Engineer: 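Sharing a structure with you now.
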2 protein chains.
Amino acid sequence: MATTTKDRLIEATAELFRHQGYSATGVKEIVDAARAPFGSMYHFFPGGKEELGAATIRWSGAMYGELIEIFYADTSDPVAATRQFFEAAADTVRDTDYTDACPIATVALEVASTSDPLRRATADVFESWLVQLDAHFARNGLTKTQARSLSVSLFCLLEGAFLLARATREHRHIRAAGRTAAAAVRDALEHRASTVARRR
Amino acid sequence: MATTTKDRLIEATAELFRHQGYSATGVKEIVDAARAPFGSMYHFFPGGKEELGAATIRWSGAMYGELIEIFYADTSDPVAATRQFFEAAADTVRDTDYTDACPIATVALEVASTSDPLRRATADVFESWLVQLDAHFARNGLTKTQARSLSVSLFCLLEGAFLLARATREHRHIRAAGRTAAAAVRDALEHRASTVARRR
DNA sequence: GAAGCACTAGAGCGATCGCTCAAGTCGCGC
DNA sequence: GCGCGACTTGAGCGATCGCTCTAGTGCTTC
């Protein structure tokens, strides 16, 4: 067997969290979905639902981080990468009946004011995504400050678009946000060029 | 007494939803917070928690809609209005210890795939906000298509910034998103001007 | 083959979930 | 003052919540 019980628990939890969030997901529901014995969950995660939740948030975050790399790593055109990333996100959301958007946004909002360990896990994941984007934009000549500002804007546009698209069941909102995002990247790169030119 | 039991139920629910979402909020918790008898809830909302939830979503949406009007209604400078709106949002989030952001985003993500009546309520509220923004931008000379695109982008930037700020407990993310939002408004208005100029 | 350990297995704990229901109080129209 | 509908009140329903606990299985190491 390729997957271990622990892996199945995390993957099943990730799927349930993305679909219905943290509070609405029961432990019983998780172990059933993972085809795992009840006791095993408390063997691997002695901290219970909260510890499993934190592990799932970090695992989902790493998965999504790899997706970001796929789009931004091997390109010298961040504008195109941004456009393609948002288009792919829109396609996925549409094709999965508006369930498969951000894997941790729902949980992040639920726990932000109610569980510090879980809130911290979501914060770490979001920050890691921003760091990834920062690096790619810095590679294209932006200063740290410029890159961070751009990364934050792209993050907000994507997460906000996921929220709006899931609520309204209209994937075109993600495409609209994607056009704004691509424009923001283009403007940032142009501003870099003009800054460099002015310095000479 | 000024407030009715029904009003107190909705207001207490709104507060709890904003803080911890839909699933984590118990009916018992609601009636306690509203200082309302248990049975009264089922008198005013025979549909139970779901009906009260829908009413709360629509009420909260109307409240926040009024806030949008305050910033955009009596100004001929949508760029400044946008900047001020995001700044005010950042201040509020900071001053309320990162609880008082979007009143319905958490619930919207929770119910998007699990309850169509509630999902529809959140969709109606979001759409009403977009319509409000559309009108203000159209008043400043943008076409319907341009206005809608801009409204969607501002919505996404704000909602994404709320998510990021609550998770990381850093209000500066909202201010960063606000700068991008203000720039997007300025660009849209400039593009309008150039289009008009070209047509002449 | 015995001992030790990681993991499986699920019955069942007390607490809480959303909700029902019968009984009651209250003010208003007649 | 009587009747009636609006609203209050809280006990308690069955189901589910997260979790604990004991027992058992199977692999590894002497």
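The shown structure was predicted, so the numbers you read here are calculated from the model rather than taken from an experiment. The sequence lines fix the lettering, A, B, ..., with proteins before strands; numbering per chain opens at 1.
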Engineer: When the distance from CZ of A/Phe44 to C1' of C/dC5 is rounded to whole Å, what number comes out?
Structural biologist: 13 Å

Engineer: Who are the side-chain hydrogen bond (donor to acceptor under 3.5 Å, both in side chains) partners of A/Glu15, not counting sequence neighbours?
Structural biologist: A/Arg18

Engineer: Does C/dT8 have OP1 or OP2 under 4.0 Å away from a side-chain N or O of A/Thr5?
Structural biologist: yes

Engineer: Quick test of your reading of the model: are A/Asp116 and A/Arg120 salt-bridged, counting only N-O distances below 4.0 Å?
Structural biologist: yes

Engineer: Nearest-Å distance, CZ (A/Phe45) to P (C/dC7)?
Structural biologist: 11 Å

Engineer: Please report, rounded to the nearest Å, how far the P atom of D/dT8 is from the NZ atom of B/Lys6.
Structural biologist: 12 Å

Engineer: Within the 4.0 Å limit for protein heavy atoms, which parts of nucleotides 14-25 of chain D are touched? Write it as a string from 5' to 3', B for base, S for sugar-phosphate only, - for none.
Structural biologist: ----SBB-----

Engineer: Considering non-hydrogen atoms only, spot the tightest contact between A/Ala55 and A/Phe45 and give its length.
Structural biologist: CB-CE2, 3.8 Å

Engineer: For DNA chain D, find the residues of residues 10-19 of chain B with a heavy-atom distance under 4.0 Å and give them by number; none if there aren't any.
Structural biologist: none

Engineer: Please state whether the rings of B/Phe155 and B/Trp129 are parallel, tilted or perpendicular, taking 30° and 60° as the class boundaries.
Structural biologist: tilted

Engineer: For A/Phe17 versus A/Gly53, what's the shortest heavy-atom pair and its separation?
Structural biologist: CE2-CA, 3.7 Å

Engineer: In this structure, are over 12 heavy atoms from other groups packed under 6.0 Å from B/Asp97 atom CG?
Structural biologist: yes

Engineer: Any side-chain N or O of B/Ser40 below 4.0 angstrom from OP1/OP2 of D/dC7?
Structural biologist: no

Engineer: Counting distance only, does the side-chain N/O of B/Thr96 pair as donor-acceptor with the main-chain N or O of B/Thr92 below 3.5 Å?
Structural biologist: yes

Engineer: Would you call B/Arg175 and B/Asp91 a salt bridge, taking side-chain N to carboxylate O under 4.0 Å as the test?
Structural biologist: yes

Engineer: Whole-Å distance between C/dA9 C1' and A/Asp32 CG?
Structural biologist: 13 Å

